[in-house]
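Below, chains carry the letters A, B, ... as their sequence lines are ordered, and counting in each starts from 1.
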There are 2 protein chains.
Amino acid sequence: MQSFTEENYLKTIYHLSVISNPVQTNAIAERTQTKAASVTDMLKKLSDKGLVDYIKYQGVTLTEKGKLAAINIVRKHRLWEVFLVEKLNFKWDEVHEVAEELEHIKSTLLTERLDEFLEFPKVDPHGDPIPDRHGNFADLSFIKLSKLKINDKGTITGVSEHSSPFLKHLEKLGLTLGKKIEVSEILDFDGSVELLIDEKKINISREVALHILISK
Amino acid sequence: MQSFTEENYLKTIYHLSVISNPVQTNAIAERTQTKAASVTDMLKKLSDKGLVDYIKYQGVTLTEKGKLAAINIVRKHRLWEVFLVEKLNFKWDEVHEVAEELEHIKSTLLTERLDEFLEFPKVDPHGDPIPDRHGNFADLSFIKLSKLKINDKGTITGVSEHSSPFLKHLEKLGLTLGKKIEVSEILDFDGSVELLIDEKKINISREVALHILISK
DNA sequence: AATAATTTTTAGATTTGTCTAAATTTAAAA
DNA sequence: TTTTAAATTTAGACAAATCTAAAAATTATT
Ligand SMILES: [Mn+2]
Ligand SMILES: [Mn+2]
Ligand SMILES: [Mn+2]
Ligand SMILES: [Mn+2]
């Protein structure tokens with residue numbers, strides 16, 4: 001069994017390895033708000049436990065065992081987020097912190113029953129896929145809104161940035177999951193995008209467009 | 001804010017102080033599965049934080065601040081137990097361990113919303129009262145089943161022992177919360193009790209009778 | 001290829017919570 | 001009221017997770 005802290009490292013490595021593999025010490029330090037020296041210590045420990053493959057100065061990769069452990073934490077995190085939004089009326093920008101704690105509750109019975117109670121949701125409130133009990137997820141194909149051309153249409157199905165200010169901003173603009181949009185204009189000089197949504201026109205910056213995920 | 005460990009000590013002191021006040025070092029050590037020396041260290045720390053009044057060699061008492069903190073943990077523990085039983089179909093002997101972890105989740109928004117979601121339950125699955133957000137509980141008057149005389153009637157409204165084997169035993173005998181019982185006989189030589197329940201007669205040991213709580 | 005810049009690791013300390021063994025205090029018994 | 005027993009505290013050590021500062025390795029630049 002892993003400690004609370006080890007679990008957070010595993011999850012961090014899991015998320016970072018989507019971006020670059022193997023994962024570097026500094027990247028982990030930055031995301032976990034710690035120092036590189038602390039990360040090195042932990043990597044040795046996780047390596048001893050067979051959860052990561054670690055080569056000095058080169059970085060880490062999750063082993064199969066480590067990957068399964070990480071996915072299980074992601075599963076719990078996202079299930080709890082669904083619970084908070086669907087059952088306890090949390091807003092999508094209020095769930096992350098709490099789920100960060102709830103994801104470490106150990107009971108597998110709890111996880112399975114929660115999944116059932118929520119009727120086996122496939123995605124969390126941010127559109128992120130929820131792995132099943134075996135660690136498999138339905139892979140959803142997203143495109144960044146910033147990749148769309150003029151007159152392209154699509155549905156908002158996810159966000160790649162989870163900070164509360166960003167999510168509140170989207171909420172204010174009416175850019176919530178499930179909404180259909182059409183790109184009506186792309187401003188060349190700053191990359192900002194004009195959208196048609198609910199028969200109204202709104203403008204978003206390129207920065208925002210980069211973090212909205214669209215499916216056709 | 002208190003650590004996970006500090007919270008467990010506060011809750012332990014709170015529960016033990018019902019039995020004896022001030023609470024002794026060894027009593028805490030026994031309940032928390034630690035050694036007396038460790039308890040002494042922690043008592044000093046809690047005292048420094050103003051959570052307990054501690055006199056060397058004499059024992060500890062919770063301060064008002066410490067008591068409120070303890071009650072808040074008890075509140076969360078019991079609310080989560082209700083959630084597990086009512087919403088996730090846990091049995092009453094399966095909830096304790098999990099609630100022991102869930103009680104430490106920090107969000108007050110979560111606690112309040114959970115309370116609301118559960119429709120403000122007054123008691124947990126073991127009949128224990130749930131304090132409200134201000135720390136007040138409806139005081140329920142229980143009598144131990146072992147105190148009843150022949151022909152006395154009452155309703156099972158609580159248990160004072162939460163171990164899984166004990167609760168499973170009660171379940172098997174049909175002795176669950178809400179059931180009406182009548183004492184039909186008390187055996188003198190071993191203190192065992194014969195009960196009338198659901199128009200059937202069953203026998204329970206004095207040990208069991210001691211841990212069943214009855215209201216009229 | 002040599003030097004500089006960056007990244008990572010080691011060395012040594014610190015904090016939290018725990019332990020064992022020894023010393024001290026309090027309570028009980030003679 | 002001594003003596004003995006029980007409870008509690010101190011002293012010193014240890015594991016986990018962290019830190020700073022210095023050393024080492026890797027990568028980038030001249
Ligand atoms: Mn976490
Ligand atoms: Mn999410
Ligand atoms: Mn606990
Ligand atoms: Mn309970």
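Contact annotation: A/Y9 reaches the phosphate of D/dT18 (side-chain N/O to OP1 or OP2, under 4.0 Å). OP1 or OP2 of C/dT9 sits under 4.0 Å from a side-chain N or O of A/T40. Checking the phosphate oxygens (OP1, OP2) of C/dT8, no side-chain nitrogen or oxygen of A/K56 falls inside 4.0 Å. At least one side-chain nitrogen or oxygen of B/N26 sits closer than 4.0 Å to the OP1 or OP2 atom of D/dT8. Close to D/dT9, at under 4.0 Å from its OP1 or OP2, lies a side-chain N or O of B/T25.
Atom CD of B/E30 is separated from atom C1' of D/dA7 by 13 Å (rounded to the nearest Å). One can place OH of B/Y57 at 13 Å from P of C/dA23, the figure rounded to the nearest angstrom. One atom, CG of A/D41, and another, P of D/dT20, lie 13 Å apart when rounded to the nearest Å. Rounding to whole angstrom units, CG of residue A/D48 and P of D/dA15 are separated by 14 Å. In this structure, CE of B/M42 is placed 11 Å from P of C/dC19, rounded to the nearest angstrom. Atom OH in A/Y54 sits roughly 12 Å away from atom C1' in D/dA25 (whole-Å rounding). The separation between A/I55 atom CD1 and D/dA24 atom P is 22 Å, rounded to whole Å. Atom pair A/K35:NZ and C/dT14:P shows a separation of 17 Å (rounding to whole Å applied).
Residues that satisfy the salt bridge (charged side-chain N to carboxylate O under 4.0 Å, His left out) test with A/R31, not counting sequence neighbours, are absent from this structure. Evaluation of the ring pair (Phe, Tyr, Trp, His ring centres under 6.0 Å) rule for B/F4 yields B/H104 as partners, not counting sequence neighbours.
Nearest-nucleotide positions on DNA chain D place A/Q33 closer to the 5' end than the other of A/Q33 and A/Q58.
Residue-level contact check: A/S38 touches the bases, meaning some heavy atom is under 4.0 Å from a base atom.
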Item checked: Canonical and wobble pairing (Watson-Crick, G-U, under 3.5 Å) of DNA chain D, dot-bracket with | -> ||||||||||||||||||||||||||||||
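Checked against C/dT18, C/dT10, D/dA11, the side chain of B/A37 finds its nearest nucleotide in D/dA11.
Other residues, nucleotides and ligands place more than 12 heavy atoms under 6.0 Å from the CG atom of A/L109.
Listed for the A/S47 side chain is no donor-acceptor partner under 3.5 Å among the backbone atoms of A/L43.
Results of the ring-ring contact (aromatic ring centres under 6.0 Å, His included) test with B/H126 over B/H96, B/H162, B/H77 single out B/H162 as the only residue that passes. Here the options are A/D124, A/D115, A/D132, A/T111, the test is side-chain hydrogen bond (donor to acceptor under 3.5 Å, both in side chains), and the partner is A/R75; only A/D115 passes.
Side-chain contact of A/E171 with A/W92: a donor-acceptor pair under 3.5 Å is present, judged by distance alone.
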